[in-house]
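Scroll down for the structure; my scribbles are underneath it.
What you see is a predicted model, and the numbers here were worked out from it, not measured in a lab. Chain letters run A, B, ... following the sequence lines, proteins first and then strands; every chain starts at 1.
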Amino acid sequence: MTFILFGFFAVLAIAGGIAVFVVNSMARATYALAVSFVAVGAMIVMLHLDYIGVITILMMIMEMAIMAVFMVMFMGMNPALMPMDMTHDKRRSAVLAVVVFIALAVAIFVIPWPARTGSPAADLTQSLGDAIMGSKMLVMLTISPVLFATIVAGLVLANPRGRYDRYGDDLDRETSDGNADPEDPIRGGIGR
Amino acid sequence: MGVTAAITRAATRRVHVLIVEVPGHSLLRMHAQVAITEMGWVEAIGPADADALLVCGSPTGILPSIIDAVWAQIPSPRHRVVLTDTVSLTDALIDIPVALRDDKLQRRDAGTRRLTLDDARGPDPAASADGESMPNEHGGTRDADGDMDMDMDMDMDMSGPAGIALAGGDQDRDGLEMDVTHLSIGPILPAWPADLIVHATLHGDVVADARIERIPRSAEPEQPPVLATLIDDAARLLEVAGWEPTALSLARIRGDVITGRDVDRLRPQLRRTLVRVRRSRTLRWSLAGIDAVQRGALRIRLLAWLDTALELLESPPKARKIPEVISLRVISEDDLREAIVGRELSETRLIVAGLGTHQPWQSAEVTHE
Amino acid sequence: MSDTSIAAVLLLPLGVVALAGVAASANGALDARSKGAPMRSGFAAPLWDAARLLRQQRRTIPGADSLLWRIAGAGLGIAAVLKVLVIPFGGFTFADLPVGLVWFNAMDVLLWALWWLLGWGANSTWSLVGGYRFLAQALSYEIPLMFALTAPAIGAGSLRLLDVQAAQQHLWFIVWMPVAFMVFAASVVAFSSWGPFHTALGEDIGGGVLSELSGIDRLLVLGGRYAVLVAGAAFSVPLFLGGGAGPLLPASVWVVVKTCLVLAALLGLRRLFPMVRPDRLAEIAWVIVVPVVLVQLAVVAVVVGVNGGAL
């Protein structure tokens with residue numbers, strides 16, 4: 001039973017991945033990718049890694065929803081809705097893909113995997129986390145907001161022109177009547 | 001077929017009526033709204049939601065073709081009524097469920113529809129193949145002459161899904177390249193003035209450019225009382241701001257004003273509603289920073305309408321002069337255009353709702369510009 | 001296992017639909033009272049509207065992505081039922097996931113996809129604006145919601161809903177996590193596109209996502225909306241309101257009763273606020289609400305640390 005279920009999710013994941021390149025519309029491609037990722041998340045849940053599986057499903061759906069918006073925005077309408085061939089170097093990549101697949105499949109069957117020693121931990125998520133990050137947990141927790149801030153800062157720096165231009169180059173321009181904050185032409189929620 | 005009959009009966013208990021107001025017939029429209037509420041029915045928010053199309057007044061000029069375009073978008077079962085006076089109102093409304101339940105009639109009507117864009121029978125489709133997104137309230141290509149910014153025709157040879165060309169691109173207010181869509185807002189749109197059409201060029205939901213078109217008002221035999229129009233304007237603004245329960249209360253007060261019912265209860269009801277609107281901090285925050293055309297803050301305008309309405313209710317009836325606060329500076333179509341360019345759709349709707357029925361317009365020498 | 005799964009397949013969707021109908025009726029009755037019509041006519045409104053929509057023709061629009069459009073409409077109800085799967089009725093859950101809390105979060109993120117697809121699939125400007133408005137609003141409430149969901153998890157020391165419910169034996173979480181509860185309730189209203197957060201269906205964009213829907217599709221979306229609202233309200237019961245705890249009545253009945261109380265509160269509060277537009281909401285959510293929720297989390301963490309468990 002579990003084998004059938006696992007096989008179903010595996011086929012779904014691969015089919016979703018293929019569908020990304022076959023469908024015409026960006027929105028469909030994005031959600032085909034989402035289906036593929038959700039299938040992978042379901043497979044992870046079947047491995048009893050509940051937290052990671054459900055989080056994968058959550059993050060992937062959220063990411064695909066946002067990605068659809070960006071895909072349509074950056075690729076514009078033309079490739080978004082019309083048949084577009086996104087594959088390059090077809091023959092070489094097909095050969096490479098088949099070779100890698102065969103190599104990995106052979107490896108899976110030939111490698112002598114170690115037998116299980118002991119029993120699975122009571123809290124698989126915790127033991128997985130310990131194994132991956134171990135004593136560096138606090139460092140990882142601190143780095144993630146720093147990473148996030150870096151991404152945001154990078155975007156702000158890369159933006160050639162934005163609504164904060166009204167502050168000038170050194171962010172200290174005042175309006176002519178001495179007001180410290182030049183008016184935002186589009187009023188945000190707080191009205192600064 | 002007891003079940004089908006039961007469903008049919010149930011389906012016509014609560015009809016959704018799309019009300020079309022011919023400019024100048026606002027009293028007729030208000031009476032229609034009262035009658036609809038009394039029957040337990042609901043006003044539709046668009047053709048997809050509608051069972052019946054109720055045209056208040058005899059349409060002239062460009063209106064008949066617009067109404068036909070909207071009629072084509074209403075799904076079956078459907079019924080269409082043209083009202084010319086309040087006397088025939090009740091009969092017209094009673095006819096609607098009867099017609100909706102008549103299966104033979106509805107099937108015949110459904111047979112006249114177009115199945116594809118190239119279908120020759122039935123009324124014209126609401127959009128032609130020049131790159132617009134499909135149905136909006138008004139039937140996009142009614143933009144009369146090609147004065148509109150139709151650059152999409154020239155550089156888009158590629159046909160997109162269903163043969164409708166894809167959108168072109170242009171720089172928006174922040175310098176990003178965004179797709180351009182054309183949307184004609186009005187005149188058949190709930191909570192929208194019946195004599196105004198805004199042909200907008202949109203970048204997403206930001207108005208990049210607009211052309212204002214006004215439909216001339218026909219002479220109406222009877223104008224609604226000033227009190228009713230003030231409350232109507234306030235209800236419209238609150239509905240656009242999304243505060244439906246309060247807008248419904250105001251609609252009820254307006255109905256009572258024009259039918260002359262429950263006059264004693266009107267004053268406390270209006271006062272209660274006014275207090276609720278004035279005290280709402282969320283409304284103040286939501287409307288902050290949005291200015292009515294050529295005139296201070298939008299919220300101040302809304303409160304002025306309600307205050308004036310309350311004064312008119314409380315003062316003796318011989319005070320017929322429209323108070324200063326609602327008589328306004330004349331605005332031209334360019335003023336409105338300047339006010340909405342660069343603003344997004346929701347703010348545009350609020351600004352237009354802030355105009356009010358008593359807004360005097362500068363008469364244009366040329367009707368199409 | 002098979003008995004419970006049969007019960008889940010039958011009972012749960014029926015229960016959700018029934019409660020959704022009740023909520024819609026109550027809303028209709030309140031609206032009828034505002035309009036001046038008798039409340040009786042408002043009560044039956046969902047029934048008449050459902051019959052009307054069953055009889056109405058569906059619309060197809062040239063160039064529309066019908067597949068995605070119809071799937072999204074049907075998906076709302078499915079998302080609601082999936083959410084309710086993990087709710088404990090006393091000691092019994094249909095699906096006892098060790099990470100039930102995160103499952104709920106995953107299902108409400110599914111709504112992001114569904115509402116956007118509804119907007120995109122229709123190939124209409126008003127629809128598209130509605131779909132994008134939902135995403136803009138979702139970006140504002142999601143982080144506060146995620147933090148608010150973490151609060152009961154910290155209080156109970158577990159992500160399993162049965163544990164969260166058990167940790168409230170002495171004191172319900174709503175008492176010492178009020179901010180988290182309010183943010184959760186507001187987020188439930190927001191992801192149902194209802195009440196003050198119905199911008200995706202706003203009247204100022206011609207009905208938004210609903211503007212091109214008719215017939216059975218419209219019924220699925222309108223009904224699905226209420227189903228999601230009910231599912232969210234039901235979820236607040238094990239999270240903040242002690243689950244099935246209560247005298248006299250059996251636990252499952254108490255869960256339904258408390259859900260109805262939460263729904264009644266939401267229905268009453270809805271009329272107090274106008275629609276909140278996403279461009280205004282964004283700054284408030286990120287600059288004010290997120291810090292407040294973080295402070296709430298800090299308080300909870302300190303309490304749990306000092307007390308060695310929930311209060």
Rounded at 0.5 Å granularity, tell me how far [atom1] in [X] sits from [atom2] in [Y].
X: B/Ile45; Y: C/Leu201; atom1: CD1; atom2: CG; value: 8.0 Å
X: B/Leu183; Y: C/Leu128; atom1: CG; atom2: CG; value: 11.5 Å
X: B/Leu189; Y: C/Ile205; atom1: CG; atom2: CD1; value: 11.0 Å
X: C/Trp126; Y: B/Ile185; atom1: CH2; atom2: CD1; value: 4.5 Å

Query raised in the report: Counting heavy-atom pairs under 4.5 Å to chain C, which of B/Asp256, B/Leu100, B/Leu202 comes out on top?
Result: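 Looking at each of B/Asp256, B/Leu100, B/Leu202 in turn, B/Leu100 comes out on top.
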
**Report entry** Top contributor to chain C contacts, counting heavy-atom pairs under 4.5 Å, from B/Leu283, B/Asp51, B/Ile74, B/Val240
**Finding:** B/Asp51

Report task. Begin from the C-alpha positions of B/Glu347 and C/Asp279 and carry the test side chain to side chain contact (heavy atoms under 4.5 Å, CB included) through to its verdict. Result -> CA-CA 11 Å; B/Glu347 291 176 1; C/Asp279 51 322; 4.0 Å; yes

What part of [X] gets within 4.5 angstrom of chain C, counting heavy atoms only: side chain, backbone, both, or neither?
X: B/Glu244; answer: side chain
X: B/Ser280; answer: side chain
X: B/Ala191; answer: neither
X: B/Ala353; answer: neither
X: B/Thr8; answer: both
X: B/Leu350; answer: side chain

Between [Y] and [X], is there a side-chain heavy-atom distance shorter than 4.5 Å?
X: C/Thr125; Y: B/His182; value: no
X: C/Glu203; Y: B/Pro190; value: no
X: C/Leu272; Y: B/Arg276; value: no
X: C/Lys35; Y: B/Val42; value: yes
X: B/Leu345; Y: C/Val129; value: yes

Tell me the closest heavy-atom pair linking [X] and [Y], and the distance in Å.
X: B/Thr12; Y: C/Arg55; result: CG2-NH1, 4.5 Å
X: C/Ile284; Y: B/Trp285; result: CG1-CZ2, 3.4 Å
X: B/Ala48; Y: C/Ser211; result: CB-O, 3.2 Å
X: C/Ala37; Y: B/Thr37; result: CB-O, 4.4 Å
X: C/Ser34; Y: B/Arg252; result: O-CD, 3.7 Å

Which one of [options] has the most heavy-atom pairs closer than 4.5 Å to chain B?
options: C/Leu213, C/Leu47, C/Asp31, C/Asp49; result: C/Asp49
options: C/Arg58, C/Gln56, C/His198; result: C/Gln56
options: C/Arg33, C/Arg52, C/Arg133; result: C/Arg52
options: C/Ala51, C/Ala45, C/Pro274; result: C/Pro274

Report summary line: Whatever's closer than 4.5 Å to a heavy atom in chain B on C/Arg277 counts as side chain

Under 3.5 Å, which donor-acceptor pairs link side chains of residues 17-29 of chain C to any protein atom two or more places apart or in another chain?
{"from": "C/Ser25", "atom 1": "OG", "to": "C/Gly21", "atom 2": "O", "distance (Å)": "3.0"}
{"from": "C/Ser25", "atom 1": "OG", "to": "C/Phe43", "atom 2": "O", "distance (Å)": "3.0"}
{"from": "C/Asn27", "atom 1": "OD1", "to": "C/Arg270", "atom 2": "NH1", "distance (Å)": "2.7"}
{"from": "C/Asn27", "atom 1": "ND2", "to": "C/Tyr226", "atom 2": "OH", "distance (Å)": "2.6"}

Query raised in the report: Is C/Arg59 reaching over with its side chain to a backbone N or O of B/Gln73, donor-acceptor style, under 3.5 angstrom?
Result: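 A pair under 3.5 Å: yes.
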
Report task. Give a yes or no on whether the backbone of C/Trp48 and the side-chain of B/Arg14 come within a donor-acceptor separation of less than 3.5 Å. Result -> no

Query raised in the report: Between C/Arg280 and B/Ser286, do the side chains contain an N or O donor and an N or O acceptor separated by less than 3.5 Å?
Result: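 The criterion, which ignores hydrogens and geometry beyond distance, is not satisfied for B/Ser286 and C/Arg280.
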
